[in-house]
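First the proteins, then the strands, lettered A, B, ... as listed; each starts at 1.
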Amino acid sequence: MASTTQIPIDLTTPSSSPSPAEADRVLDLSHLPPIYLLPTRLSEVTLHSLEQGLLGAGALLTYNPAEAGVVVGDVNTKRRGLLELRGRGVWSEEVIGGVDGGGEEEGLVKVVRIKWITEMLEKGEEVEMGRWVVYVGKKVAPPVVKEEGEKEEGEKEEGEKEEGDDHGEGGPAKKKVKREIGEAGDGVGDGKATASLKSPGQSILERAKLDAQEQSPHRYHRGRGTRHIRHDSEPSRRARPPLLHHTSTGEFEQIHILAQLRTVPDYVSQNLKYSCLRDTPLKPPNSHFISLLQTIRLARTLSLDAIGIRAYSTAIASIAAYPYPLLTSAELSTLPGCDGKTSSLFHEYIHSTPTFAGEEDDNRTIHVVQELEASEEFTTLRMFYGIWGVGVHTAREFYFKNGWRSLDDVVEFGWDSLSRVQQIGVKYYEEFNEHKIPRAEVERIADIIISAARKVGGEKWDGIVCGGYRRGKGQSGDVDIVLSHPEESLFEGNVGGKGGVAVEWVGRIVGELETAGWVTHTLYLGRGGGFGSQRIDHTTTTTAAHDKDTLAKAMLVWQEQEYNPPAELGEKNRNPHRRVDIILAPPSCAGTAILGWTGATTFERDLRRFVEKRWGWKFDSGGVWDRRTGERVKGLGDWRGMEGEGLVECEKRLLEELGVGWREPEMRNTG
DNA sequence: TGGCAT
DNA sequence: CGTA
DNA sequence: GCCA
């Protein structure tokens with residue numbers, strides 16, 4: 001049951017108010033000099049409301065006090081105003097006479113009480129600021145060295161349309177990738193590549209961490225930081241962002257903040273940290289902020305920071321499950337997995353390029369993300385990492401050791417040192433990365449595969465598309481299909497060498513698909529030696545026998561044969577190549593295979609952590625295992641296909657038995 | 001301070 | 001090391 | 001980076 005703790009929401013925020021209706025607003029403050037809001041003694045909620053009100057009136061807000069012509073705050077005395085400015089690195093000398101009205105004078109800064117704003121917002125008309133001005137100063141140079149406590153707010157510098165999101169460095173290597181892809185050609189011989197040896201040590205990815213750290217706790221957090229909120233609001237997190245601290249601006253708050261209440265989600269009020277225990281939709285309200293965190297996470301990936309990946313994944317999953325647009329960093333910091341760092345990033349985000357009520361917020365940003373997007377190192381590593389068969393280590397080797405900067409470099413200087421699958425990854429780089437697969441095509445591919453399985457193995461073969469498609473994505477990066485057959489005996493035995501019977505079946509199915517002309521390349525076919533530890537237990541009670549067993553699978557490159565518009569005879573098939581994975585699961589593993597291959601990644605990691613903590617079990621796509629005895633936990637994930645059970649039913653039963661409970665695949669999008 | 005999926 |  |  002949901003806690004009834006309520007979060008006050010500013011009425012001027014999205015959802016309710018349309019954006020372009022700015023035209024007929026009564027209050028127009030756009031002629032005023034840049035306004036800086038003093039956070040002192042104001043709650044973040046109040047600050048946010050004031051900002052929204054000012055922005056709604058067209059006022060120009062700044063987050064750099066040095067730029068401000070007007071500073072508004074809960075300040076009642078001259079001396080206080082001067083000190084507030086000085087505390088922010090703005091030194092000034094009082095100006096006695098010239099306190100006229102709203103006019104802008106270069107180098108002048110006026111400190112004004114909040115009443116001025118609340119009055120205007122309440123009346124809906126502009127009010128002379130004169131009677132609310134407590135201090136007028138003329139900016140002067142700081143006496144000595146600049147203090148480091150101040151500065152920055154780099155947030156508002158205009159992002160100069162950097163080279164966008166694509167990985168297109170040297171463009172797709174289409175032209176040069178005419179070279180043959182060897183059948184055997186493996187072994188990463190040392191290329192004859194040029195090498196501009198560069199130390200990986202002080203790269204931007206490493207620096208990004210430090211940057212992020214130093215920019216984290218700024219003023220808002222020192223005074224009333226999220227930490228305080230967390231610790232102060234003592235008992236097991238009542239999950240409530242700071243309500244209206246009492247300030248001199250009560251009326252305004254009451255008018256603009258009062259109404260609209262949010263119910264705190266269970267996972268927040270109960271501090272549930274396992275993403276497998278809560279709903280995470282595909283398109284959450286905070287998706288834009290999440291996408292920025294994903295960029296930082298990718299930077300951590302590319303800098304080999306495994307723990308950073310886990311940390312950001314946790315935060316991302318938590319935010320992705322949050323059903324409301326976040327308003328303040330304090331609110332964010334109530335979510336499990338989101339603490340100081342995450343909330344300070346959000347603070348910077350929400351105060352970056354301000355957004356008008358009702359507008360999309362995708363013009364907001366975070367400084368470190370802008371730096372990443374502008375950096376050659378990050379964008380190039382990201383591009384290399386996008387090559388199928390190239391992981392972080394190889395991407396870094398390309399960049400730092402070989403000095404390559406584009407796909408063309410890879411082709412020109414390194415082609416012969418690439419493994420066969422990497423060559424395929426380069427050849428189809430663009431098709432794999434830019435051309436997502438529509439749902440209808442995924443379904444068509446699945447139909448063809450299931451038909452092929454039935455053709456070679458009988459009508460009882462069944463299959464289910466997992467991966468992103470099953471989680472509801474409109475476009476998929478690849479197709480993951482899990483096939484099974486209700487007859488366990490079909491998979492028993494180890495004849496046929498390495499992989500045993502199951503591999504024989506994949507081989508037959510893939511062979512059929514190749515013959516039919518759908519498969520252009522086989523990137524991997526078999527079991528063991530690959531990834532995962534998807535052990536399957538056939539019959540035995542001893543553990544030794546099946547240590548190396550894994551689910552059989554094939555990783556293929558696929559191409560639709562029919563192209564339209566229908567081309568001339570003999571013309572080339574220009575349909576995009578697709579990545580297709582086929583996984584074969586004996587019925588005893590069908591449930592775990594489906595659960596394991598549906599994802600998303602953080603959902604899977606949390607599922608495994610949960611199952612370990614709750615039962616002491618180990619979960620993988622080949623079964624559930626008791627860690628003490630090493631035995632397979634009987635019946636879990638078993639497909640009772642002979643009794644008419646469907647594959648989804650089977651997964652459902654498994655989730656119940658694991659103590660997780662049913663979760664729609666569409667609600668496993670942990671980002 | 002150790003753990004973070006398999 | 002790379003892959004889901 | 002967050003949590004127990």
Legend entry - Non-neighbouring partners of R444(A) that pass side chain to side chain donor-acceptor pair (under 3.5 Å), sequence neighbours left out: E560(A)
Inset, instruction - Both distances under 3.5 Å, Watson-Crick or G-U wobble: on that basis, could you give the dot-bracket string for DNA chain B, with [ ] for crossing pairs and | for other-strand partners? - result: ||||.|
Atom pairs, N/O to N/O, protein against nucleotides 2-5 of chain B, distance under 3.5 Å?
unit_1: dA5(B); atom_1: OP1; unit_2: R605(A); atom_2: NH2; d: 2.7
unit_1: dA5(B); atom_1: OP2; unit_2: R310(A); atom_2: NH1; d: 2.5
unit_1: dA5(B); atom_1: OP2; unit_2: R605(A); atom_2: NE; d: 2.7
unit_1: dA5(B); atom_1: OP2; unit_2: R605(A); atom_2: NH2; d: 3.4
unit_1: dA5(B); atom_1: N7; unit_2: R605(A); atom_2: NE; d: 3.4
unit_1: dA5(B); atom_1: N3; unit_2: R608(A); atom_2: NE; d: 3.2

Inset, instruction - List for me each residue that meets side chain to side chain donor-acceptor pair (under 3.5 Å) alongside T522(A), sequence neighbours excluded, and say none if there are none. - result: E514(A)
Inset, instruction - Tell me, please, which residues at least two apart from D638(A) pass salt bridge (charged side-chain N to carboxylate O under 4.0 Å, His left out). - result: none
Legend entry - Ion pair E656(A)/K652(A), N-O distance below 4.0 Å: no
Inset, instruction - Could you please name the option among dA4(C), dG2(C), dG1(D) that lies closest to any side-chain atom of T342(A)? - result: dG1(D)
Legend entry - Residues forming a side chain to side chain donor-acceptor pair (under 3.5 Å) with D480(A), sequence neighbours excluded: none
Legend entry - dC1(C) phosphate, OP1 or OP2, under 4.0 Å from W388(A) side-chain N/O: no
Inset, instruction - Applying side chain to side chain donor-acceptor pair (under 3.5 Å), name anything that partners T280(A), two or more places apart in sequence or on another chain. - result: none
Inset, instruction - Just jot down the ring-ring contact (aromatic ring centres under 6.0 Å, His included) partners of W558(A), sequence neighbours excluded, or say none. - result: W518(A)
Legend entry - Pairs touching residues 577-586 of chain A that satisfy salt bridge (Lys or Arg N to Asp or Glu O under 4.0 Å), sequence neighbours left out: E441(A)-R578(A), R579(A)-D581(A)
